[in-house]
Amino acid sequence: MKDEMVLESTGKTVAMPPRRPRFERVQLNTRVRVEIEQTLQRFVGDHNTTVQSSVDLALAEFLAARGYPLPATDDGRSR
């Protein structure tokens, strides 16, 4: 049942969406203010996401806003 979910009310099976392709990642060692980490943890919990995804997106948006957009991949997505 790892790849599918059974809806108890109807008894039907719903396929889970495929995993999205993963980009190569590197460790970024940094420290942030306690208040930022606490707010980030609250955001992650409220939006069912991860710290990694949130920081990745925040840095991509920060850099793009300052004239450093990420290069596109072969499938047209930004890295």
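In this chain, numbering begins with 1 at the start of the sequence shown. Only this structure's heavy atoms are used, side chains among them; waters, hydrogens and symmetry mates stay out. This one's a predicted model, so the numbers in the text were calculated from it and none came from an experiment.
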Apart from Leu28 itself, its cluster of hydrophobic side chains linked below 4.5 Å comprises Leu40, Val44, Val51, Val55, Leu59
With Gln38, which residues qualify under side chain to side chain donor-acceptor pair (under 3.5 Å), at least two apart?
none
Among all residues two or more places apart in sequence or in another chain, which pass the side chain to side chain donor-acceptor pair (under 3.5 Å) test with Gln52?
none
With sequence neighbours left out, write down each residue that passes side chain to side chain donor-acceptor pair (under 3.5 Å) with Thr30, or none if nothing qualifies.
none
If you group Ile, Leu, Val, Met, Phe, Trp and Tyr whenever their side-chain heavy atoms sit less than 4.5 Å apart, what else falls in with Ile36?
Val32
Separation between CZ of Arg42 and NE2 of His47, rounded to the nearest 0.5 Å
9.5 Å
Students should find that the hydrophobic cluster of Tyr68, defined by side-chain heavy atoms under 4.5 Å apart, otherwise consists of Phe62, Leu63
When rounded to the nearest 0.5 Å, the distance separating CG of Asp46 from CD of Gln41 is 11.0 Å
Under 3.5 Å donor-acceptor, Thr39 side chain and Glu35 backbone
yes
